[in-house]
Protein chains: 2
Amino acid sequence: MKPKKRTTIYDIAEKLNIAASSVSRALNNNSIINEETRRLVHATAAELNYKVNTLASNLRKGESKTIGVIVPRINQNFFSNVIAGIEEASYKKGYNLIICQSNELREKEIQCVNTLINQHVDCIVISVSAEGGDYAHLQSVIDSGIQLIQFDRVAKELETLKVINDTEQISMKAVSHMIEQGYKRIALLEGPQNLDIFKQRKEGYLKALKKHHMPVNDELIVENAWTKELGAEGTKRLLNLPQPPDAIFASTSDFSALGVLEVALAMGIKVPSELGICGYSNEAFTEITSPSITTIDQFSIDMGKTIAELFFKEMGKDASSRKPKTIRIKPSLIIRASTNRKDKK
Amino acid sequence: MKPKKRTTIYDIAEKLNIAASSVSRALNNNSIINEETRRLVHATAAELNYKVNTLASNLRKGESKTIGVIVPRINQNFFSNVIAGIEEASYKKGYNLIICQSNELREKEIQCVNTLINQHVDCIVISVSAEGGDYAHLQSVIDSGIQLIQFDRVAKELETLKVINDTEQISMKAVSHMIEQGYKRIALLEGPQNLDIFKQRKEGYLKALKKHHMPVNDELIVENAWTKELGAEGTKRLLNLPQPPDAIFASTSDFSALGVLEVALAMGIKVPSELGICGYSNEAFTEITSPSITTIDQFSIDMGKTIAELFFKEMGKDASSRKPKTIRIKPSLIIRASTNRKDKK
DNA sequence: TAATTCTTTGCAATCGATTGCAATTTAAAA
DNA sequence: TTTTAAATTGCAATCGATTGCAAAGAATTA
């Protein structure tokens, strides 16, 4: 099969007429090995094009120097940015990433978790799928003694490390901003309420209304509008109400905000003067639509780095002293044209 | 460290008073094991919450069921889509992905390659970094007997499997399209010419001009303009020429096309009537700028799937019968408003 | 010169699963 | 009842690297 067997420490040992253990120690610059033999071993290793077998090494050492990452979709801006952040920070420490996508499916998520446990990863980083259900599979990660870090979409009942955005607070800020811009009837496009992050976005919306003594109007709340198409659909319904909204907080995503914008423009409704729009995520395109879309930046790359750093920091501790811990990253409201009807630059 | 030692086949064997080898065979539903013991082993495994140690298994079997992927940046639309495609196809076959990013740096790319070789991955999939240099590190992948698949940005001198777009042809088509729309002075924003794909895009541009008997004008060719900022900069220079272009093919990326668009709009130049723009990659935003941007779709997810399928197909063959092979995926020209000054919908 | 300490090296077990081959048990055939 | 074949199971080596412990050699001290 393989063309030639790969060189092992035994090959080096044989060639130099020393023991494999000495070769191992020499290669790890480890123990108190004679400088001369150390040099010899390294030279021979280079000559024979030796590469360690990480599998063997990890098996023996009982670690894998690998972090498993499970996200709903790899090719979603937010997630790919988080992954990029994790990768950058872990690579520096000599850790590799195994990436899986759950496709928002519980069943596949369970499969991924099992694969990663079998791979003996040192840590599993996960943003749970939207499908919901119980979290026995995540519990079993913990039981296996593998560090579990949840981010963004977290199962809050599980006592693990968590890295999340301060979602409620920023949502409140976004809606307050719209109120301050003079919008009176603000609608909400909400996401699946079994995911905490969407619940919190709604909560922020409600709190902002309450704080400004504005009524909550159920007909202005549209469920499950988290794609561009669903956002557009919901918007049509909203704008055809007897009393249509004068602003829409697309709390699910910028894509749904885009749907809102397109429908509004198609119906000849002026943004932001007649309709304010705020999205979520700061996708690249929000900056360049016309008008540009107000949105929320989640600092996704930083989030990735934070996750990796958290893992390395907690790594030393043994299981008994592991405590659940939540790191909040403050997102930032990016005010653009789509909600800006007062301040002219 | 770990709270409790994980169950191994020996634990199961001991509990049932049989040999570990029998347990192994039973778990693999493999050999001719007695149905009764098979059931017993499975039951006990479940009861003890047994999970195989893939490290050990792989070490013994000399394979890793893992594919290593190296891309310049994980969080670039094109790459994250390719990765998503690879992941989807390989997961079905029980293969995992280890992802690395080279950050466009040769040095890091070499590191990644070594890590993946050490990990004993069964295949390395790579899109080379822009930095260039020799490809000794890729040669050493081949020498290690690891399947090497290059995609998109390939080192053509290396005899490996390759999955690429039909870049030259589609570039020619894009430029021809602009010519047919009546543009007379078409400029080119080109990428680093040490990467083949950018060379081919230029080649397609040149061929289209030649085919339509149009002169090649060196002052209309801008080097190394592959970010939005560089694209914008180059555009300013172009539009301030005594004889400015009436169309720009931003062959490097949609981002640079976006730079072009912004500069044009800022200068009060009408798109597409006074200036045609064509980008490359079909980023999500090209659809929603105004005017929307003509671009080229590379079918990135399909490309990922194709890569994985190619690997699985070639996997069976032994090293000696491995032949270099190139699969071309035909990209598609997506004509939008930014070049459409004739046909009105 | 003998006793003691410090360096350096080797032996052998270990990590957990797999597998060729031999051994044992059971069933079928003679 | 004996012989032969088939079905199961176990033994022990193996994958490649690491590491505790003992041994050998070199250097230092009494």
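Note on naming: letters A, B, ... go to the chains in the order of the sequence lines (proteins, then strands), and numbering restarts at 1 for each one.
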Open item on the list: Within the 4.5 Å heavy-atom criterion, are B:Glu104 and B:Glu131 side-chain neighbours or not?
Closed with: no
Task: Whole-Å gap separating C1' (D:dT19) and NZ (A:Lys61) - done: 11 Å
Open item on the list: I'd like to know whether A:Glu314 forms a salt bridge (Lys or Arg N to Asp or Glu O under 4.0 Å) with A:Lys323, so could you lay out the CA-CA distance, the side-chain angles of the two residues, the decisive distance to 0.1 Å, and finally the verdict.
Closed with: CA-CA 9 Å; A:Glu314 295 284 316; A:Lys323 293 214 171 41; over 6 Å; no
Open item on the list: Can you confirm whether B:Arg6 sits close enough to B:Asn53 that some side-chain heavy atom of one is under 4.5 Å from a side-chain heavy atom of the other?
Closed with: no
- [ ] Give a yes-or-no answer on whether the side chains of B:Asn114 and A:Lys51 include a donor-acceptor pair shorter than 3.5 Å.
- [x] yes
- [ ] Answer yes or no: is there a side-chain heavy-atom contact under 4.5 Å between A:Ile126 and A:Leu138?
- [x] yes
N/O to N/O distances under 3.5 Å, protein versus nucleotides 23-25 of chain C:
none

TODO: May I have the distance from A:Asn28 (atom CG) to C:dT8 (atom P), rounded to whole angstrom?
DONE: 17 Å
When you compare the protein's N or O atoms with those of nucleotides 11-13 of chain D, which come within less than 3.5 Å of each other, and at what distance?
{"unit_1": "D:dC11", "atom_1": "N4", "unit_2": "B:Ser21", "atom_2": "OG", "d": "3.2"}

Task: Atom pair distance, as rounded to whole Å: NE2 in B:His120 and C1' in D:dG16 - done: 8 Å
Task: Dot-bracket encoding per residue of DNA chain C, Watson-Crick/G-U cut-off under 3.5 Å, | denoting interstrand - done: ||||||||||||||||||||||||||||||
TODO: Please determine, for the side chain of A:Ile9, which listed nucleotide (D:dT9, D:dT18, C:dT19) has the closest atom?
DONE: D:dT18
Can you list, pair by pair, the side-chain donor-acceptor contacts under 3.5 Å of residues 77-86 of chain A, counting residues two or more places apart and other chains?
{"unit_1": "A:Asn77", "atom_1": "OD1", "unit_2": "A:Asn81", "atom_2": "ND2", "d": "3.0"}
{"unit_1": "A:Asn77", "atom_1": "ND2", "unit_2": "A:Glu283", "atom_2": "OE1", "d": "2.9"}
{"unit_1": "A:Ser80", "atom_1": "OG", "unit_2": "A:Asn77", "atom_2": "O", "d": "3.2"}
{"unit_1": "A:Asn81", "atom_1": "OD1", "unit_2": "B:Asn75", "atom_2": "ND2", "d": "2.7"}
{"unit_1": "A:Asn81", "atom_1": "ND2", "unit_2": "A:Asn77", "atom_2": "O", "d": "3.2"}
{"unit_1": "A:Asn81", "atom_1": "ND2", "unit_2": "A:Ser300", "atom_2": "OG", "d": "3.4"}

Task: Value in whole Å for how far the C1' atom of C:dC15 lies from CG of B:Asp11 - done: 13 Å
Open item on the list: So, using side chain to side chain contact (heavy atoms under 4.5 Å, CB included) as the criterion, who are the partners of B:Gln111 when residues are at least two apart?
Closed with: A:Tyr91
Open item on the list: At a heavy-atom distance below 4.0 Å, what parts of residues 52-59 of chain A sit against DNA chain D?
Closed with: A:Val52, A:Asn53, A:Ala56, A:Ser57
Task: Side-chain touch B:Thr66/B:Gln119, heavy atoms, less than 4.5 angstrom - done: no
Task: Within 45° cone of A:Phe151 ring axis and under 6.0 Å: A:Lys162 NZ or CZ - done: no
- [ ] Please examine the side chains of B:Leu116 and B:Ile98, heavy atoms only from C-beta on, and report whether any two atoms are closer than 4.5 Å.
- [x] yes
Open item on the list: If you compare every side-chain N and O of A:Ser22 against the phosphate oxygens of C:dT9 (OP1, OP2), does one of them come in below 4.0 Å?
Closed with: no
- [ ] May I ask you to check whether B:His120 and B:Glu63 show a side-chain donor-acceptor distance below 3.5 Å?
- [x] no
TODO: Name the nucleic acid region contacted by B:Ile18, choosing base, sugar-phosphate or nothing; use a 4.0 angstrom heavy-atom cut-off, strictly under.
DONE: sugar-phosphate
Open item on the list: Can you measure A:Asn118 atom CG to C:dA17 atom C1' for me and round it to whole angstrom units?
Closed with: 12 Å
Open item on the list: Less than 3.5 Å apart, any donor N or O on the side chain of A:Ser129 or A:Glu109 sitting next to an acceptor on the other?
Closed with: yes
Open item on the list: Using side-chain heavy atoms (C-beta onward) and a distance below 4.5 Å, is A:Asp134 in contact with A:Arg106?
Closed with: yes
